[in-house]
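So the structure is just underneath, and the comments pick up after that.
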Amino acid sequence: MSQFSSEDEAELQSLLRELLKSVKDRISGAPSVECAEEILLHLEETDKNFHNYEFVKYLRAYVESSLGTVIEEETENFTKGDGHAIGPGQDTLVHAVTKRTRESAQYKQMMQTLKQTMMVVVESLINKFEEDQLKKEEMDRKSQHEQSSSHYTDNCSDSDSSFNQSYAFIKHEQLQVIAEKLDPGRPREVRLEALQSLCYAPPSDVLSCENWTGLRRNLSAALTDPDHELSDKVLQFFAKTFSSSPLNVTKDIYSTIAKNLEAHFLYHKLSFPSGSTSIDANRPDMARLLKQMRLMNDFQKEVTTFWIRHPEKYMEEIIENTLSLLALHSEQGMSSPGSEKSLEPIHLISLLDIKATWFKKWMHGYYSRTVVLRLLERKYKSLIVNALQQCIYYFDSCDSVREETLEIIHSLEHQQIGPARRTLYTSKELEFVYFVHSLCVLGRLVMYTNGRKLFPIKVKKRRDPVTLTDLVVILISIMYQHPKPSCGEMTHADSLSPTNLVMEVLRTLCDRTECAVECLYQIPVIETLLAPVITLLKGKLPKLNSLESALTHIADTLARIATTERGLSLLLYDRNLVSAEGESISAAHVVVQFTQRLLAKELHVFSELEIPPAVSGAFIFVCRQMYNTCEGLQVLRPYSLHECIAKAWRTTSSVSERVPTPVPGAPPVITSQELQSVVAWEEMLLDNLLNFAATPKGLLLLQQTGAINECVAYMFSRFTKKLQVSRCEKFGYGVMVTQVAATAPGIAALQSSGFVQTIVVELWSVLECGREDARVVHPKSTPMDPIDRSCLKSFLSLVNLLSSPQAVWELLGHRALPNKTEYNLREMATSGLDLMDRLIIINSDAKIHSLFNYEQSHTFGLRLLSVLCCNLDSFLLLESQYNLSELLLQGQRDNVTEPPTGEGEFIIDGPSVERNHILVRIGTVGGPSERRLPPRALQKGNDPYPWPMVSTYPLPKYYIFDVPKTLRTKQESEISAFLASSKETERDASWMDDCRRQFCKIMATKSNTLTGYVLADLLERVVLHLSSSSTDCFFPPAEYKVVDHSVKTRSLSSVEQLGVGISLRYGKFLKLLREDSEQDLCLLLKHCQEFLSQQRISVTSELSCFQGGYPGHDWFASTVFLLMHGDVGRSLSLLLRFSRLLPSAFLWPPRLHSSVHLPIEIAQSGIHPIYSCTAHYVEMLLKAEVPLVFSAFRMSGFTPSQICIQWLGQCFWNYLDWSEICHYVATCVIMGPDYQVYMCISALRHLQQDILQHTQTQDLQVFLKEEPIHGFRVSNYLEYMEGLERNYRSMVLSDMRSILPRSS
């Protein structure tokens, strides 16, 4: 294709013409020829459609056909010589081939041919342009008898040629002539011709001329001229100017239009249609006004994108002109529609921009919003007054007007675009569009602080000014008045529906905290929202046109209110509503009562109405926003809503299960749509039941419904789809999964649902398989951290899942390792046992060879093991089943060099460092100042790991601090003196109060003296005093004869024996026990087992925690044994008396394991009161007292209850020093069991900075489990705990007492 034929030239000419037509708008506004050329030269960079133009496609095809062979040959020559170039080399290849191609003869020939041909094509186009121009001039001369314009028409073409308006420029002298011809005194034809010429001239030339002021004055006069053709030409010029001129010019144009309109409305009163009359948009005077207003409105909506780049005075001028125009006729605007009134500018802008888009855009940016609000406050407040008056009028209007609203909406939303468009508008339609516009303006106004400061507003026919609260009440009342749709009419989804418009405003207010506080969180608003509900509870039908719609929107608004702290507090605690029974109750009580009756179908007023499940679901969702918080559940718990929802779910589930298989030819028993509705309702009920699991006590209630397995399975189905918990939740199911996994029935449900398997498979895929779709060009970097970032999410998920000993017991208890002789490389781990077998206990070559990334995967497994071993009960189980410590020691012994002579040295690698850390962690017990754990990080220098390697027990002395020996002589202290002096008054009721005061005094001043024998004596006396008082005894007395020979025949489990070993090591380290104390501790534990076994019920369950006695070690009994310096008699006597007191239920975990004292459903639940009560109140108080820490837990997917049950379950062993453990026990016994809650709050408050830091580094779970609580002293926080007692004791202690069927 080296030469062009005549047909090719004709085609090129046509394609070039089309290209120039496409970019006509771009180059017509260019201020000069040079600028137009620049636009064309850079068209590829600025026009996204450049490569779609047919002219460009034609040229590309021509270049490819001319040079394709040359490029292929050059590319082949270069690749043969240089090999395959990749990366930067590819750029070198492209440049080289391009250079050689441009130097080729074919390229030069192609360019020469192309230039010659294009010159012919362009010359032909120019000739065609001149011919068209001559024809146009001839036509103008024939139609006009004057030839005065012939000296400049050559430069102002309106030809249809491709160059139309592209290169037409005008001189200042010509503009002077045009300005003179536009003088109002000139004939119409002269002015019209001048305007025609002006429209074809570039706006930049017109606006920069010296005569612009006079020209603008004449244009303004033409705009108001009765001749519509003249005014239309002016608007045409203004529209062109708006699209291509800077703001300093367009603001003048805008001001001209605004002032002309303002003058017109001031001096020409337009009558507002009344009755059956209407305004006609085709009427010449009305059409002119609408065109001008439309041009203004288009500019209003576009100007926000660029006015910030100009001086603020330009923007202020535009805004003030607009508000001045729209605020016209304020007195008439405030009059009632029944009186004589005029058509106002606000009506026209409402008709053109019904949802006030211009105002929303102006209020969006702070730059313009400040000016708008300042002008509204100082000069144009009447605009807001009118808008408010219009909303009040709509609210107060008669029913007949409201009934016609649907018809009005239908007519407004279905206007035809084109020749058959609608042009007649009735007075009711104008009033309605003004109402919608006003509602949108007010809704946007109250979003902002200074907008809300405009309230209260005084309006006519209202004695008191309208406040923000009054406005919201009016809007809600308007929502209630939504016209009831009849068959075949529009649906409620109509965008102009008053209900949906009000709901849009309410949702916006709910989403902005400050707005919600000032506008929504007010008693009158809540009363208005719940008025229909209270009416229904009284057995009456409220006056609502659409009951279903109103109830749904009420519930939606209440749910949004309940998502914030202030809103939730208002619903729960403000008792300002009058119930159906006449008593003052809070909104939460009204909502839950109504929800209960909806579920039970006990509302008789609904008997004739078909209320769909969606209404019930909406109100359940409101309740859910409350009961998924600890404080909300506290208020709603007496209603047993979980039972109501569970009952409704079972009923619905039975319906869906009974649907028979369809038989061909037979009519279906239930339609597919009905079946879908039933299934959706069933899932909705399950979803709401599931959300009880958001809190510890709620999880207990969920377990009692018997639907926990189905709920967790439903959660798993949503989790796999990565769905949110709800529209009001910012996070996924992470927190809920962690909450569920803290209990035995919860982890069993997670296991059966497939959740555990999914987590494990996901981990294995990341750890061993890698991404299959990853390109191998860039190999994966060698991980530098023990847990690679790609595995961190899976690692934390496993930590959350296995955090509690209950989870470890259920997933690993009584399960032997596979220990296969051979593992298939494609065999993936699918369970916790598989992870233990493949990643942690690697005791054979087969396991090593089965891993692609042995060192990384094994390090990962050891890191997980380290976190698991932080829980002493979990460690005891793993040690008893898998002999962990010996396996780890052997691994260390094997990991040495083999020199020719002498002993080998330890090899320092990832697994050996991790093993060393674990061996020290499990080999010693102690708080932050009692043991030293080796770090995992290596140091710089010749000795990267200076810490002793452990290959045998006992541990090197380096890891154990020296603890001063506790004196066995009774210390002279104030407590000793108090105990000695109060022997005679010990039976007085006031003795306990005196003891508490003395205890607090000593803790505040000399807490270090409260240890050893003094503390043992104090605890004995306190427990003796409390157990001797019938009012202080909580549990009924249990007969137990201490006979040593009868219990010696009992045998301790391997877990308990290992626990005894750990306790003895700790006691000897503290110098509290003798070398021969093992038998005494075993005897004490056997007595405790015997005593507690007599108070347990027999539970038939597949849960591992019910197989035998208490599955873990009795850490509280071991603590008491150490407190009593190994005296088994004193220890047992204390424990037996202590068992009658309420603190024993929470300090001594085995005390209530399957206990007869608990209600049967709780005893069989597998959920201990420490979790359902103590941990529940820890979360509740933490949210109120240390909200930053509570939020940190939520963000990390971890729960405060998880770490608290670990601390409390092992009596703070390994987390606090021995002295602080003693003070913890003494505080809870002496001050009350609720101090257990306050103790956890204090510890978390103490750790606040660390918690916030580790939330950012995404290892909060690991930090809390692995690290002791450094620097925490009970005495430092006792005063803080006393403050918590004053605020919360009545609630916490009463709930602790409610664990029994009766309160003693």
Side-chain angles (χ1 to χ4, degrees), residues 1-28 30-132 161-169:
M1 188 179 174
S2 58
Q3 300 295 328
F4 287 92
S5 63
S6 58
E7 291 81 3
D8 294 333
E9 292 179 1
E11 184 179 1
L12 263 177
Q13 182 176 335
S14 173
L15 294 178
L16 182 57
R17 182 194 297 269
E18 292 299 320
L19 173 66
L20 292 172
K21 281 185 177 180
S22 301
V23 298
K24 180 177 67 174
D25 292 338
R26 288 172 173 267
I27 55 179
S28 62
S32 64
V33 176
E34 291 78 8
C35 291
E37 290 178 354
E38 283 296 313
I39 291 173
L40 288 174
L41 285 174
H42 296 279
L43 196 61
E44 183 176 8
E45 303 167 13
T46 59
D47 191 343
K48 62 181 180 181
N49 295 316
F50 177 80
H51 291 282
N52 293 328
Y53 293 131
E54 294 299 324
F55 180 75
V56 176
K57 292 180 179 178
Y58 186 92
L59 288 181
R60 185 189 299 117
Y62 175 70
V63 171
E64 288 178 358
S65 64
S66 300
L67 302 178
T69 308
V70 178
I71 294 172
E72 290 175 3
E73 291 175 356
E74 295 296 339
T75 305
E76 186 176 351
N77 292 336
F78 270 94
T79 53
K80 283 181 180 178
D82 302 335
H84 54 285
I86 304 175
Q90 189 173 1
D91 295 335
T92 305
L93 174 65
V94 171
H95 288 308
V97 171
T98 303
K99 182 181 179 183
R100 294 285 291 273
T101 303
R102 295 186 67 174
E103 293 172 353
S104 66
Q106 292 91 331
Y107 177 79
K108 294 176 181 177
Q109 181 184 356
M110 179 197 75
M111 291 302 297
Q112 184 178 1
T113 305
L114 192 60
K115 285 180 182 177
Q116 292 173 351
T117 305
M118 290 307 299
M119 287 174 64
V120 173
V121 169
V122 172
E123 185 176 355
S124 176
L125 280 174
I126 292 174
N127 293 334
K128 180 68 169 59
F129 171 74
E130 292 175 348
E131 291 174 8
D132 291 344
S161 80
S162 303
F163 292 97
N164 180 25
Q165 299 184 21
S166 299
Y167 299 100
F169 300 99

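Remember, predicted model here, so these are calculated numbers, not experimental data. Just the heavy atoms: all of them, side chains too, but no hydrogens, waters or symmetry mates, feed the values below.
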Considering non-hydrogen atoms only, spot the tightest contact between F55 and L16 and give its length.
CD1-N, 3.9 Å
Rounded to the nearest 0.5 Å, what separates atom CD in Q106 from atom OG1 in T69?
8.5 Å
So how far is it from L19 CG to L12 CG, rounded to the nearest 0.5 Å?
11.5 Å
Residues that R60 engages under side-chain hydrogen bond (donor to acceptor under 3.5 Å, both in side chains), provided they are two or more places apart
H51
Any salt bridge between K57 and E54, counting N to O under 4.0 Å?
yes
With sequence neighbours left out, the residues meeting salt bridge (Lys or Arg N to Asp or Glu O under 4.0 Å) with K108 are none
CD on Q13 to OG1 on T117, rounded to 0.5 Å:
12.5 Å
Nearest 0.5 Å please: distance from the CG atom of L59 over to the CG atom of L15.
8.5 Å
I'd like to know if the side chain of S66 and the backbone of V63 have a donor-acceptor N/O pair within less than 3.5 Å.
no
side-chain contact (heavy atoms from CB on, under 4.5 Å) against Q112, all qualifying residues, sequence neighbours excluded
Q116
List the steps, then state whether side chain to side chain contact (heavy atoms under 4.5 Å, CB included) holds for V70 with Y107.
CA-CA 9 Å; V70 178; Y107 177 79; over 6 Å; no
For V120, does its backbone N or O pair with a side-chain atom of S124 as donor and acceptor, under 3.5 Å?
no
Can you name the nearest heavy-atom pair linking T75 to I71, along with the distance?
OG1-O, 2.7 Å
Identify the two heavy atoms, one from E74 and one from V97, that lie closest to each other, and give their separation to 0.1 Å.
CB-CG1, 4.1 Å
Does atom CD of E123 have more than 12 heavy-atom neighbours from other groups under 6.0 Å away?
no
Step-by-step side chain to side chain contact (heavy atoms under 4.5 Å, CB included) determination, T113 to Y62
CA-CA 11 Å; T113 305; Y62 175 70; 3.9 Å; yes
